[in-house]
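In what follows, every chain begins at residue 1, and chains take the letters A, B, ... in the order their sequences are listed. What you are looking at is a predicted structure, and each value in this text was computed from that prediction instead of being measured.
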Number of protein chains: 2
Amino acid sequence: MVTIYDIAAKAGVSAMTVSRVINNTGKISDKTRSKVRRVMEDLNYVPNHMARSLVLQQSNLLFLLITDITNPFYTTLARGAEDAAKKHGYRLLFGNSDESVEKEKDYVDTILTTRVDGVLVAPAGDPSLPHLETLRKHRVPFVLLDREVPGMDSDVVLGDSKEGARKLVDHLTSLGHKRIALINGSPNVSSARLRLEGYKEALKLNDLQFDENYVLETAFEPRSDLSDIESWLNRMDPLPTAIVAGNNVLAVEVIRTLHNRGITVPEHMSLVCFDDLGPFSDIDPFLTVVAQQAYQFGYLGTQMLVERIQEREETGMPWKKIVLPADMIVRRSVSEID
Amino acid sequence: MVTIYDIAAKAGVSAMTVSRVINNTGKISDKTRSKVRRVMEDLNYVPNHMARSLVLQQSNLLFLLITDITNPFYTTLARGAEDAAKKHGYRLLFGNSDESVEKEKDYVDTILTTRVDGVLVAPAGDPSLPHLETLRKHRVPFVLLDREVPGMDSDVVLGDSKEGARKLVDHLTSLGHKRIALINGSPNVSSARLRLEGYKEALKLNDLQFDENYVLETAFEPRSDLSDIESWLNRMDPLPTAIVAGNNVLAVEVIRTLHNRGITVPEHMSLVCFDDLGPFSDIDPFLTVVAQQAYQFGYLGTQMLVERIQEREETGMPWKKIVLPADMIVRRSVSEID
DNA sequence: TAATTTAATGTTATCGGTAACATTTTATAA
DNA sequence: TTATAAAATGTTACCGATAACATTAAATTA
């Protein structure tokens, strides 16, 4: 590997002069500068970021930890984070926890040993608290995305889950639906809790009875075992006319399960959900959703993180919370009830 | 930050002894070992990976560069790479080129300065050649995924694009289709070229005439402008009864465009494509596809890369090429023609 | 022209680890 | 008991960069 010492030797200057040319710091005569530049080109010099980080005590690296890399909500978010990171001169590392608190722990270790300057986390759930405490203990700035964790104050970007749930339920009732079920993520995930709350409130406002048999609390992540959805469908009697899904993946699992028993959407069952389907959203006929602004989650979160990093000493800076609106996109997965 | 020197001081030993305890190297008495361990815990010691990499001249970092992070083919591939990397003791960095040769260049720079031990690349296309040459020049081992680049020999994992195209066309003809169109990625992407070839060969084998008006060569990546698809539809007269799409994203764009003119799939138009839709594959009624083994692309590619890294000196090791089969999954996007 | 700034460049120490070699203890053999 | 091998630990140099503090050369000023 070519180092600044190789450059220095060949250009007949000191390593420090080379460093100055590279970083455009200090005073350098034009003659020296161009000579050093020429040698760098000749030798195909590439700066060693690790050596630089070691002495500067900063890596210009951010880490994005998401819970499901196959979910377009998170990948779109990642695109936003990537763009914002680049804009601010940071590079971005990714990790994928698969909604598993254990994998999350592994990534927290990686984060610490890698000495990243800051972290964007979509926590797996409330049990992620110890991981966040670890980050805090080691003074690694972080921003939470999409989910809060009780017991941990921090910067955070959220979607308006409660309002979103209300919009979905209102849409359904406005088309005549009265038996509306909810399939949701685990109650130890804050967004799932809020969606349940919004659902309940909307029922009440529409003078509909809440029936806990109509609610299934499962996991947001995709899995092959659909038996809990099946038994849930069995236990609802009569079947609802519409289902609200807590996210896109659950919605598709519902479609699949319904299909197995010959029930189609929207003819026999109406279905709405949270989160768009990324590049596959516009398939027709397709899901009416509350689309969260995934890209903005990543972009704004990263911006907040960079601010926090740069104001590090100013410990007094209060935590910020951004709540992004949830906009409904009406497509064709809901039919009218007379 | 706590360093091995802090540990050493508090434990009353030398830094080297601490290093030995951490890495389980050399001989250490049980007494010393446990004392050092205790102090490490007390002080919440976390090793600094950058310092370690600097002296070891290896980072235990791999880089995965994909062209579209919102495409489930690549994210599933990423999951495979992640798992394989972890298994071999490497961590994984991601980058997303958006099918842009320029962004790809930026990532190549990042790759070089980050001193990763190896790279997995899905190249944007044939114009990626200079980037690969840069990697080669700097002796960074890499493995190509999904696409080859003429002029650059290397390890590579491919799907059997030609065979896949044949299967799709055969499936259509077996159901009576005679006017079969193809919408494909850019001809400067190797997989697109092979898909076109397979399409042509299959037509010939089925005694169907090749008509270049029935072929649209555009870009694999998603974009908002659908005008080229529209003009393509206009120029086909008569309209085909079936369309083969070069990947999942194109297929959905076709669905969208057709929908705008009131043409539905599969009633008025049959549609098949390459690549599954990840978590959204099982929506019903949905696409008949040739599903590439995305996870295996990542997993096997990473395995090959790690081998290559570890045999670095053995320059004689010949390049390996893995071709994964393309399996057709029949769903409901094709209707029968009498 | 000598004194004083300012510009240009160089030296040394350091970031946090580890390899290679050196030294001190302890255990074993003669 | 002494010589010798093996075990345990320590010292020094270095990985590739930069900060902080010299030092030297050139430009101004008195």
Side-chain angles (χ1 to χ4, degrees), chain A residues 1-37 39-40 43-61 91 109-110 112-117 138-140, chain B residues 1-37 39-40 43-61 89 109-110 112-117 138-140:
Chain A
M1 282 292 96
V2 179
T3 73
I4 53 169
Y5 296 97
D6 301 322
I7 311 287
K10 194 159 178 199
V13 298
S14 74
M16 199 55 221
T17 299
V18 178
S19 173
R20 289 193 182 101
V21 171
I22 293 169
N23 298 295
N24 255 309
T25 51
K27 320 247 177 194
I28 301 270
S29 71
D30 289 350
K31 202 176 58 181
T32 319
R33 192 196 320 279
S34 57
K35 184 169 47 173
V36 169
R37 287 245 169 88
V39 176
M40 289 201 302
L43 267 47
N44 287 312
Y45 171 73
V46 175
N48 185 323
H49 223 284
M50 289 186 311
R52 193 159 193 277
S53 302
L54 189 58
V55 58
L56 290 184
Q57 298 285 64
Q58 65 163 51
S59 59
N60 274 84
L61 230 46
R91 290 168 302 147
D109 289 346
T110 297
L112 293 177
T113 67
T114 307
R115 299 292 197 268
V116 299
D117 293 342
H138 289 273
R139 316 165 120 265
V140 181
Chain B
M1 283 290 96
V2 178
T3 73
I4 55 169
Y5 296 97
D6 301 323
I7 310 287
K10 194 159 178 197
V13 297
S14 74
M16 199 56 221
T17 300
V18 177
S19 174
R20 290 192 181 100
V21 171
I22 293 169
N23 298 295
N24 255 309
T25 52
K27 320 245 176 195
I28 300 272
S29 72
D30 291 350
K31 203 176 57 181
T32 318
R33 191 196 321 279
S34 57
K35 185 169 44 174
V36 169
R37 289 245 169 87
V39 177
M40 289 202 302
L43 266 47
N44 288 310
Y45 171 73
V46 176
N48 184 326
H49 224 282
M50 290 186 311
R52 192 160 192 276
S53 302
L54 189 59
V55 58
L56 290 184
Q57 298 286 65
Q58 65 163 54
S59 60
N60 274 86
L61 230 46
D109 289 346
T110 298
L112 293 177
T113 67
T114 307
R115 299 292 197 269
V116 299
D117 293 342
H138 288 274
R139 316 165 121 266
V140 182

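Residue order along DNA chain C, read from the 5' end via each residue's closest nucleotide, puts A:V13 first among B:V46 and A:V13.
Between the P atom of D:dA7 and the CE atom of B:M16 lies a distance of 18 Å, rounded to the nearest Å. Computed from coordinates, the B:I4 CD1 to D:dT11 P distance equals 13 Å when rounded to whole Å. C:dA19 atom P lies 12 Å from atom CD1 of B:I22, rounded to whole Å. Regarding B:M50, its CE atom lies at a distance of 10 Å from the P atom of C:dG17, rounded to whole Å. If you take CG of A:L112 and P of C:dG17, they are 13 Å apart, rounded to a whole angstrom. The nearest whole Å value for the distance from the CG atom in A:L54 to the P atom in C:dT14 is 14 Å. Between A:Q58 atom CD and C:dG16 atom P there is a gap of 14 Å when expressed in whole angstrom units. Between the CG atom of B:N23 and the P atom of C:dG16 there is a distance of 17 Å, given to the nearest Å.
No hydrogens or angles considered: a donor-acceptor pair under 3.5 Å links the side chains of A:R91 and B:T114.
Regarding contacts with the backbone of D:dG16, a side-chain N or O of B:Q57 is found under 4.0 angstrom from either OP1 or OP2. The side chain of B:Y5 places no N or O atom within less than 4.0 Å of a non-bridging phosphate oxygen (OP1 or OP2) of D:dT11. For the OP1/OP2 pair of C:dT9 and a distance below 4.0 Å, the side-chain nitrogens and oxygens of A:T17 include no atom meeting the criterion.
The nearest pair of heavy atoms linking A:A11 to A:V36 is CB-CG2, 4.3 Å. When all heavy atoms of A:M50 and B:L54 are compared, the pair lying nearest together is CE-N, 4.2 Å.
Set against D:dC21, D:dA17, C:dG17, the side chain of A:R20 has D:dC21 as its closest nucleotide. Candidate nucleotides C:dT18, D:dT9, D:dT18 were compared by shortest atom distance to the side chain of A:L56, and D:dT18 ranks first.
In this structure, the side chains of B:I4 and B:Y45 come closer than 4.5 Å at one or more pairs of heavy atoms. Within the 4.5 Å cutoff, the side chain of B:N48 has no heavy atoms near those of the B:T3 side chain. Side chains of B:V18 and B:K10 form no contact here, defined as non-hydrogen atoms less than 4.5 Å apart.
A heavy atom lying under 4.0 Å from DNA chain D marks none of the residues of residues 27-36 of chain A.
In this structure, B:S14 reaches the bases: a heavy-atom distance under 4.0 Å links it to at least one base atom across the strands shown.
A:D6 CG to A:M1 CE: the interatomic distance, rounded to the nearest 0.5 Å, is 10.5 Å.
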